[in-house]
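When a ligand or atom number is given, it counts from 1 through the structure's own listing order.
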Amino acid sequence: MDGTKSPKATLFAVSTILLILTVNGQSGCDTHRFANNIAFTQCSPLQFLGSFLHWTYNDQNGTVSVAFRHPGTSSSSWIAWGLNPGGPQMSGTQALVAYTNSSGQFQAYTSPVNGYATQLEPGNLSFGVSRISATLVNGEATIFATLELPANLITTNQVWQVGPVANGVPGIHQQTGDNMRSIGRIDFRSGQSSATGGGSGDRLKKRNTHGILNAVSWGVLMPLGAMMARYMKVFTDPTWFYLHIAFQVSGYVIGVAGWATGIKLGNDSPGTSYSTHRNLGIALFTFATLQVFALLLRPKPDNKYRFYWNVYHHTVGYTTIILSIINIFKGFDILDPADKWRWAYIGILIFLGACVLILEPLTWFIVLRRKSRAGNTVAAPTTSKYSNGVNGTTTGPHHQDA
Ligand code: HEM
Ligand SMILES: *[C@@H]1O[C@H](CO)[C@@H](O)[C@H](O)[C@H]1NC(C)=O
Ligand SMILES: *[C@@H]1O[C@H](CO)[C@@H](O)[C@H](O)[C@H]1NC(C)=O
Ligand SMILES: *[C@@H]1O[C@H](CO)[C@@H](O)[C@H](O)[C@H]1NC(C)=O
Ligand SMILES: *[C@@H]1O[C@H](CO)[C@@H](O)[C@H](O)[C@H]1NC(C)=O
């Protein structure tokens, strides 16, 4: 029974991580917290380039304090956000710019963008700007400033962008995909903000497809399949095995489709880098592929290496599930869908967690009872070709996986 602690520890870890994610894993619009308790009354996700605009409009003196936030900023990129009363375009934008300068400081300044050959030189804007500053923490960049808005700029065009810094000078940004669409309208007073530029609802559709495919496969089918293997074995041998295979393989097929849409999305917008989400996705694909091949290569139940295979299969399997859930929440942060979707998924996780909480002790109870009925004798070698070589009558439930 030495091995009995590890599955419990794994489960404990899974539920703890779920809890932490539920409470803490959100950095979208509504849930983002700034340092020093700075708060803004309004926020809008800017649909392209994965950015956010937070602001508070003061009616009395016509000022607006803004924070433009761009997760996934490196020390070799610049970020910019601005207003363009002249039209929905880059040229004419009254911009706030920030990047890590040659003394290693993340520095913010204003720059009137007067054409397409700019190097974003500092200069005064057409309206007053005070208290401009910027932070770059854990790859998330934010520019803070207070703008003295003339009445005609309360509703206007907003433009934002990210690009590379070379030799301490902001360089030209990508001129494809989302970098050409990062334009929208903003109404500081009513709180309406949109990304209209190049208006490709097509891409939004692709992102949603990506999200749904991955949440269903990695986030629901695969954990369900693992639960089939763990909890149905005591009731139905070998039905559990076929169910496990069916769930895992369909999860894998849908998951690979979702993964491919993600890779495509990433390649279509080189200006955006969600490196953690992407790397986790690639790791998950690798793990899941390994699992599928390992299934074909598994030793016979009575083979002496079967034990090690089981340890391997469980470790990679549970790791994949935990990382999948983490990555799904990372995806929610990027997509920033309506909160109900995040909550729907959290609801599913709570349901699965509750099933685990009920089935885990039940399984142990059944296994231990069978064991005591068998009078602690060493059981005959298994006759099931799916089982582990050790009958559920002699060990805990974790030893029985195929
Ligand atoms: C290093 C400074 C920059 C350079 C050299 C630069 C260059 C360019 C060029 C050449 C285009 C036109 C591409 C085309 O029409 O095919 C363009 C488009 C664009 N730029 Fe920039 N840009 C810079 C900074 C910025 C900044 C600071 C912003 C936003 C605050 C921005 C936002 C845009 C947007 C939204 C477009 C697409 C719409 C349009 O063509 O006006 N750019 N940029
Ligand atoms: C504008 O009003 C707000 C709140 O009423 C205040 O916090 C801010 O300092 C004022 N700004 C200026 C420039 O007067
Ligand atoms: C870099 O930015 C900091 C903070 O704004 C500023 O004090 C410093 O002079 C800048 N260094 C250069 C080389 O521009
Ligand atoms: C920017 O405005 C300030 C005062 O508001 C002025 O002192 C400064 O010379 C201006 N800079 C440029 C480049 O016009
Ligand atoms: C498992 O143990 C039960 C006794 O509870 C026994 O009836 C059954 O044949 C055993 N199965 C295998 C595969 O050894």
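Heavy atoms of P170 come nearer than 4.0 angstrom to ligand 1 in at least one pair.
Given atom 1 (C) of ligand 1, the protein heavy atom at minimum distance is G171 O, 3.3 Å. Closest to atom 8 (C) of ligand 3, if we only count protein heavy atoms, is N101 ND2, 3.7 Å. The closest protein non-hydrogen atom to atom 16 (O) of ligand 1 is M180 CE, 3.7 Å. Scanning all protein heavy atoms for the shortest distance to atom 10 (C) of ligand 4 gives N124 ND2, 2.3 Å. Summary of contacts: the protein heavy atom closest to atom 7 (O) of ligand 3 is Q105 NE2, 5.0 Å.
At a 4.0 Å heavy-atom cut-off, ligand 1 touches M90 through backbone and side chain alike. At a heavy-atom cutoff of 4.0 Å, ligand 1 is contacted by both the backbone and the side chain of T118. For H173, every heavy-atom contact with ligand 1 shorter than 4.0 Å involves the side chain, none the backbone.
Contact annotation for atom 5 (O) of ligand 4: protein absent (non-hydrogen atoms, distance under 4.0 Å). Per-atom contact check: atom 12 (C) of ligand 4 touches the protein, criterion being a heavy-atom distance below 4.0 Å. In this structure, atom 2 (O) of ligand 4 is in close contact with the protein, since a protein heavy atom lies within 4.0 Å of it.
Using cut-offs of 30° and 60° on the angle between ring planes, the pair H244 and W240 is tilted. Between H70 and F68, the two ring planes are parallel [angle under 30°; tilted spans 30° to 60°]. Ring geometry for W259 against F285 counts as parallel: the plane angle stays under 30°, on a 0 to 90° scale with 60° as the upper cut.
Between S102 and ligand 3, no N or O atom pair is found at a separation short of 3.5 Å.
Interatomic distance, S182 OG to F48 CZ, rounded to the nearest 0.5 Å: 8.5 Å. Annotation: the span from L136 atom CG to T142 atom OG1 amounts to 8.5 Å, rounded to 0.5 Å. Rounded to the nearest 0.5 Å, atoms CD1 (I79) and CD1 (I143) are 4.0 Å apart. For the atom pair OG1 (T363) and CE (M232), the distance works out to 11.0 Å, reported to the nearest 0.5 Å.
In the vicinity of V159, heavy-atom distances shorter than 4.0 Å reach the ligand 1 atoms 29 (C), 30 (C), 32 (C), 35 (C). Of all the atoms in ligand 3, the ones that sit under 4.0 Å from a non-hydrogen atom of Q107 are 2 (O), 5 (O). Each of the atoms 35 (C) of ligand 1 lies under 4.0 Å from some heavy atom of S182. Which parts of ligand 1 touch A80 is read off a 4.0 Å heavy-atom cut-off, strictly below it: atoms 27 (C), 30 (C). Heavy-atom proximity to I183, at under 4.0 Å, picks out these atoms of ligand 1: 35 (C), 38 (C). Per-residue contacts place Q89 under 4.0 angstrom from the following atoms of ligand 1 (heavy atoms of the residue considered): 41 (O).
Counted within 6.0 Å of CZ on F235, heavy atoms from surrounding residues, nucleotides or ligands total more than 12; the atom is thus considered enclosed. In the displayed structure, Y116 atom OH is contacted under 6.0 Å by more than 12 heavy atoms of other residues, nucleotides or ligands.
For atom 34 (C) of ligand 1, the nearest non-hydrogen atom from the set Q94, Q161, Q158, Q175 comes from Q161. Between the choices Y116, F68, W78, the shortest heavy-atom distance to atom 39 (C) of ligand 1 belongs to Y116.
Annotation: cation-pi pair R189/Y57 absent, no NZ/CZ under 6.0 Å from the ring centroid and within 45° of its normal.
With no hydrogens or angles considered, no side-chain donor-acceptor pair links Y252 and Q291 at under 3.5 Å.
The aromatic ring centres of H32 and F34 sit less than 6.0 Å apart.
Partner W78 forms a side-chain contact (heavy atoms from CB on, under 4.5 Å) with one of V162, L120, V169 and no other, that one being L120.
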